[in-house]
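A short worksheet on the structure shown next.
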Amino acid sequence: MSNIYDFIDEMKQRPGMFTQVGSLGPLETLLFGYCACLHANEIKEPYEGRVFNPSEFSDWLFDEMGWSGAFGFARAIEENAHGSDTAFDTFFKLVQRFRQSRTEPLAC
């Protein structure tokens, strides 16, 4: 694992390892902690595309989808995921769109 997107890919392979409650909430908390650690230790990760920042991802969901992130991206996605896609599937698809939405680096 070399960056936050690799970590998210690991979550995608086995979401049950990261949450037993079937909710995106614990994943959101892990990602906030991951970014806090990067910031506190002044770590810059190598990757292509936009830096994943949970708060910025919530703002992006509002701009792109019209979904309020006031209570976090987990709740926004869980309230709006429809059809055959689960909230987890929707989250992973949206992360890819977010990553490609801007290429200049932003800090966690």
Side-chain angles (χ1 to χ4, degrees):
M1 179 175 72
S2 63
N3 62 51
I4 195 165
Y5 287 108
D6 290 343
F7 184 48
I8 291 170
D9 286 342
E10 287 184 23
M11 290 178 179
K12 183 177 181 179
Q13 299 303 313
R14 292 191 210 87
M17 283 184 58
F18 299 93
T19 177
Q20 286 83 36
V21 296
S23 168
L24 289 173
L27 299 183
E28 182 175 28
T29 301
L30 279 171
L31 293 171
F32 266 109
Y34 188 105
C35 286
C37 180
L38 293 177
H39 181 74
N41 293 290
E42 299 179 3
I43 297 170
K44 304 290 184 206
E45 294 185 321
Y47 44 76
E48 292 182 20
R50 187 175 187 169
V51 174
F52 186 88
N53 174 299
S55 296
E56 209 170 303
F57 183 62
S58 292
D59 292 343
W60 178 85
L61 283 175
F62 180 77
D63 293 341
E64 289 292 310
M65 310 296 286
W67 300 351
S68 173
F71 295 105
F73 72 76
R75 184 163 173 189
I77 292 171
E78 288 171 349
E79 289 180 351
N80 290 284
H82 298 292
S84 61
D85 284 353
T86 66
F88 287 98
D89 293 333
T90 301
F91 167 70
F92 296 119
K93 288 176 185 175
L94 290 169
V95 165
Q96 287 307 311
R97 284 182 52 193
F98 174 80
R99 182 179 188 179
Q100 297 168 358
S101 67
R102 184 173 11 182
T103 58
E104 69 264 18
L106 301 171
C108 257

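Keep in mind that what you see is a predicted model, and the values were worked out from it rather than measured.
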From [X] [atom1] over to [Y] [atom2], what is the distance, rounded to the nearest 0.5 angstrom?
X   : Y   : atom1 : atom2 : value
K12 : L27 : NZ    : CG    : 13.5 Å
I43 : C35 : CD1   : SG    : 11.0 Å
F91 : F73 : CZ    : CZ    : 4.5 Å
Q96 : D9  : CD    : CG    : 6.5 Å
F88 : F18 : CZ    : CZ    : 11.0 Å
K93 : I77 : NZ    : CD1   : 12.0 Å

Could you tell me which non-hydrogen atom of [X] sits nearest to which non-hydrogen atom of [Y], and how far apart they are?
X   : Y   : answer
G25 : A74 : N-CB, 3.6 Å
G69 : A76 : CA-CB, 4.5 Å
L24 : A87 : CD1-O, 3.7 Å
W60 : R50 : CD1-NH1, 3.5 Å
E28 : G72 : OE2-CA, 3.2 Å

With the side chain counted from C-beta on, respond yes when [X] and [Y] share a heavy-atom pair under 4.5 Å apart, and no when they do not.
X   : Y   : answer
E45 : L38 : yes
L31 : I8  : yes
V95 : F57 : yes
E64 : F98 : no
Y5  : E48 : no

Check the hydrophobic clustering (I, L, V, M, F, W, Y; side-chain heavy atoms under 4.5 Å; chains of links allowed) and say if M17 and F32 are grouped together.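 The answer is no; the residues belong to distinct hydrophobic clusters.
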